[in-house]
Asks: 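The structure that follows is given in the form of structure tokens.
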Number of protein chains: 2
Amino acid sequence: MNSSPRRGRRPGSPDVRAQILAVARDRFHREGYDGVTMRSLAADVGVDAALISYYFGSKRGLFAAVLDVSVHPADVLAKLLEGDLETLPQRAVRTLVMVWDQPEMGMPLLSAARAAVADPELAALIRRGLHRELIDQLADRIGGADARHRAGTFVGQIGGLVFTRYVLAVEPLASMTADEIVRTLGPALRTTLFGPVAIPARRPHVAGGSARGPAPR
Amino acid sequence: MNSSPRRGRRPGSPDVRAQILAVARDRFHREGYDGVTMRSLAADVGVDAALISYYFGSKRGLFAAVLDVSVHPADVLAKLLEGDLETLPQRAVRTLVMVWDQPEMGMPLLSAARAAVADPELAALIRRGLHRELIDQLADRIGGADARHRAGTFVGQIGGLVFTRYVLAVEPLASMTADEIVRTLGPALRTTLFGPVAIPARRPHVAGGSARGPAPR
DNA sequence: GCGAAGAATTCATCACGGTTGAACAACTAC
DNA sequence: GTAGTTGTTCAACCGTGATGAATTCTTCGC
């Protein structure tokens with residue numbers, strides 16, 4: 001059926017743009033940027049490939065549009081920074097894991113992360129976003145001489161969780177529960193934010209360090 | 001000059017395979033996997049594109065060959081794990097930064113990291129490598145009930161440094177010196193390896209935590 | 001030396017990727 | 001009702017990696 005769709009505009013007013021966006025969103029998240037071709041996507045929607053270019057300019061434009069409707073990290077970050085600074089490490093880790101663990105959010109974020117690695121422009125976007133929305137504000141709240149260093153390192157550690165657990169899926173991180181992660185990574189993040197900075201001089205740092213001995217249980 | 005390179009085997013015994021590999025190495029590191037096309041590479045070497053397929057099977061085969069001659073992380077890791085466990089965090093960070101900061105090593109590693117994000121098979125390779133060569137052995141040396149969790153989290157933070165400083169180039173991490181990074185990240189890694197694991201119960205964890213107060217200085 | 005086998009190299013071609021310009025159909029405004 | 005705008009397809013372009021056949025050089029058995 002629907003043997004040969006004639007040329008020209010379709011009758012009625014089906015919102016084809018939205019359809020394309022929906023299907024693209026789904027497939028990008030499932031198959032990644034390179035896995036989706038314009039033609040196959042167009043076929044999925046039941047439309048010519050040129051129409052996608054017509055609406056979104058290019059494949060990258062389409063991808064950007066998909067990201068735009070999927071990812072809004074700024075709100076979450078603002079919420080995090082509003083709360084008590086003392087508990088920020090735990091809350092940050094828990095929020096991050098919760099957000100990334102639910103597919104509706106995690107998939108878009110993951111494809112955004114992957115794309116950012118491949119595409120320098122997208123990387124710059126994320127870089128600036130992290131800076132304005134997270135690092136600078138965090139540094140302000142910490143205060144002190146090395147606030148920027150602490151904030152940067154904090155973000156690095158958080159980024160490491162994303163990278164190893166979600167992008168690379170390294171065990172055991174990939175299958176640890178949110179609680180387990182909070183318990184092991186939380187204290188390290190506390191150290192980064194509030195702990196002493198190591199003595200610059202060349203000392204092995206043996207006894208009398210800030211934390212020592214096997215874990216209590 | 002060299003107006004039209006005739007068909008067939010070249011006279012003499014020029015090691016074209018090695019030439020291709022050398023140029024490919026250089027260009028892959030500078031321009032990334034997608035930035036290098038078979039034809040442009042072949043033109044650079046002064047050879048037909050089909051010859052690359054002849055020697056390396058495919059573009060990915062070529063890339064794998066380039067990685068093969070560039071990256072040998074196992075040795076470095078072994079050295080790290082041999083030393084004193086107490087000083088492992090500092091040594092690990094310092095070694096990592098030193099290795100990645102010198103272009104001859106850092107560039108190949110960076111392109112490997114980028115490729116691993118895009119290509120699931122390469123990601124699996126790195127994942128297994130990290131596991132066998134680092135996480136398992138580190139967990140053995142730490143000992144204790146949650147050794148695996150600690151080791152995984154340790155690697156996660158190290159990976160975060162790579163991700164944010166080298167792949168994403170987020171400030172201020174990207175321009176911190178090795179010493180600065182060791183000073184801020186080192187203590188956190190110590191906490192991960194040796195510090196207490198946070199109390200599972202729901203407590204804000206306010207006073208009496210393992211590390212508290214502003215930095216000395 | 002000679003001729004056959006094999007290795008190295010190019011050429012022509014393929015299928016497929018995203019993108020583009022022209023043709024055409026429907027809807028909107030006057 | 002006709003003119004203009006918007007939506008849609010078609011055909012083609014050019015660049016990608018890959019492949020098979022044709023060609024030239026090297027090597028080895030005799």
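Just so it is clear, the structure is predicted and the values come from calculations on it, not from any experiment. Quick note on labels: first sequence line is chain A, next is B, and so on, each numbered from 1. Values below: every heavy atom of this structure, side chains too, minus hydrogens, waters and symmetry copies.
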Asks: Please state how far atom OH in A:Y55 lies from atom C1' in D:dT8, giving the value in whole angstrom units.
Replies: 8 Å
Asks: Identify each atom pair where a protein N or O and an N or O of nucleotides 18-21 of chain D are less than 3.5 Å apart, giving names and distance.
Replies:
{"unit_1": "D:dA18", "atom_1": "OP2", "unit_2": "B:K59", "atom_2": "N", "d": "2.9"}

Asks: Under the ring pair (Phe, Tyr, Trp, His ring centres under 6.0 Å) definition, can you give me all pairs with a residue in residues 104-146 of chain A, not counting sequence neighbours?
Replies: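 As it turns out, there is no ring pair (Phe, Tyr, Trp, His ring centres under 6.0 Å) pair with a partner in residues 104-146 of chain A once direct neighbours are skipped.
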Asks: Rounded to the nearest Å, what distance is computed from the CG atom of residue A:D34 to the P atom of nucleotide D:dG17?
Replies: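 In whole Å, D:dG17 P lies 12 Å from A:D34 CG.
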Asks: Run the salt bridge (charged side-chain N to carboxylate O under 4.0 Å, His left out) test against B:D179 and tell me which residues pass, sequence neighbours left out.
Replies: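 Counting only residues at least two positions away or on another chain, B:D179 forms a salt bridge (charged side-chain N to carboxylate O under 4.0 Å, His left out) with B:R94.
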Asks: Looking only at the side chains, is there a donor atom on one of A:T184 and A:E180 sitting less than 3.5 Å from an acceptor on the other?
Replies: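 No, no side-chain donor-acceptor pair sits under 3.5 Å.
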Asks: Suppose we screen for side chain to side chain donor-acceptor pair (under 3.5 Å). Which residues come up paired with B:S40, at least two apart in sequence or across chains?
Replies: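 Testing B:S40 for side chain to side chain donor-acceptor pair (under 3.5 Å), a comparison that skips the adjacent residues, returns B:R27, B:T37.
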Asks: Holding to side chain to side chain donor-acceptor pair (under 3.5 Å), I want the full list of residues that pass it with A:R30, two or more places apart in sequence or in another chain.
Replies: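 For A:R30, the residues satisfying side chain to side chain donor-acceptor pair (under 3.5 Å) (neighbours in sequence not counted) are A:D26.
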Asks: Between C:dT10, D:dT9, C:dG18, spot the one nearest the side chain of B:V47, thanks.
Replies: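 Nearest nucleotide to the side chain: C:dT10.
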Asks: From CZ of A:F56 over to P of C:dG18, roughly how many Å is that when rounded to an integer?
Replies: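 After rounding, the reported distance stands at 15 Å.
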Asks: Write down the distance between CG (A:L51) and C1' (C:dC24), rounded to a whole number of angstrom.
Replies: 14 Å
Asks: Sequence neighbours left out, what passes side chain to side chain donor-acceptor pair (under 3.5 Å) with A:Y166? Give chain and number order.
Replies: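 A:Y166 satisfies side chain to side chain donor-acceptor pair (under 3.5 Å) with A:D101 only.
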